[in-house]
Amino acid sequence: MQEPRAKTTLRLVPGPTMYCRRCDDAVEFIAPWEGWKTLRVAWWVGVGLLLVLSPILGADFFCLIPSSFAFIFAGGTLQRLASERAICRVCSLPLDPPDVRPSPPATSG
């Protein structure tokens with residue numbers, strides 16, 4: 001019987017490649033879900049809405065304040081997921097953004 005696989009927010013991206021410094025080659029990569037960045041913006045909008053509605057939140061100590069704290073604390077996990085970098089499929093090195101490629105080593109002779 002197989003054990004259940006752990007759920008991950010990373011997915012294999014076939015085709016496009018990025019440069020890996022450890023492999024010194026263009027490799028396929030595992031990229032985080034693109035929606036995390038959009039969700040982070042929506043979370044910041046929600047935090048702003050909570051600040052605007054703070055007088056109403058202060059009136060209900062039983063439900064709204066605990067719910068607001070749960071929403072705000074969930075942002076820590078969301079920030080971590082939104083800032084994940086692509087990972088090399090071969091050696092598992094976190095990759096730099098595609099527009100950052102180091103210059104090739106100088107050859108002597």
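- For residues 62-83, the salt bridge (charged side-chain N to carboxylate O under 4.0 Å, His left out) pairs, not counting sequence neighbours, are Arg80-Glu84.
- Contacts of Leu49 classified as side-chain contact (heavy atoms from CB on, under 4.5 Å), with partners at least two apart in sequence or in another chain: Leu53.
- Distance check, rounded to the nearest 0.5 Å: CD1 of Ile30 to CZ of Arg85 gives 14.5 Å.
- If you chain together ILVMFWY residues whose side-chain heavy atoms come under 4.5 Å of each other, Val27 ends up grouped with Val90.
- The hydrophobic cluster of Val45 has no other members, since no ILVMFWY side-chain heavy atom comes under 4.5 Å of it.
- Taking CD1 of Ile87 as the start and SG of Cys20 as the end, the distance is 11.5 Å to the nearest 0.5 Å.
- Note on Leu93: it does not cluster hydrophobically with Tyr19, by side-chain heavy-atom contacts below 4.5 Å among ILVMFWY residues.
- A distance of 7.5 Å separates CH2 in Trp33 from OG1 in Thr38, rounded to the nearest 0.5 Å.
- Taking CG from Leu78 and CH2 from Trp43, the interatomic distance works out to 7.5 Å, rounded to the nearest 0.5 Å.
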Pairs of donor and acceptor atoms involving the side chains of residues 70-77, under 3.5 Å and at least two apart or interchain, shall be tabulated with distances.
none

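- Residue pairs meeting the salt bridge (charged side-chain N to carboxylate O under 4.0 Å, His left out) criterion with at least one partner in residues 39-56, sequence neighbours excluded, do not occur; the list is empty.
- Atom CD of residue Glu34 and atom CG of residue Leu39 lie 13.0 Å apart, to the nearest 0.5 angstrom.
- Residue Arg21 holds its CZ atom at 11.0 Å from SG of Cys88, rounded to the nearest 0.5 Å.
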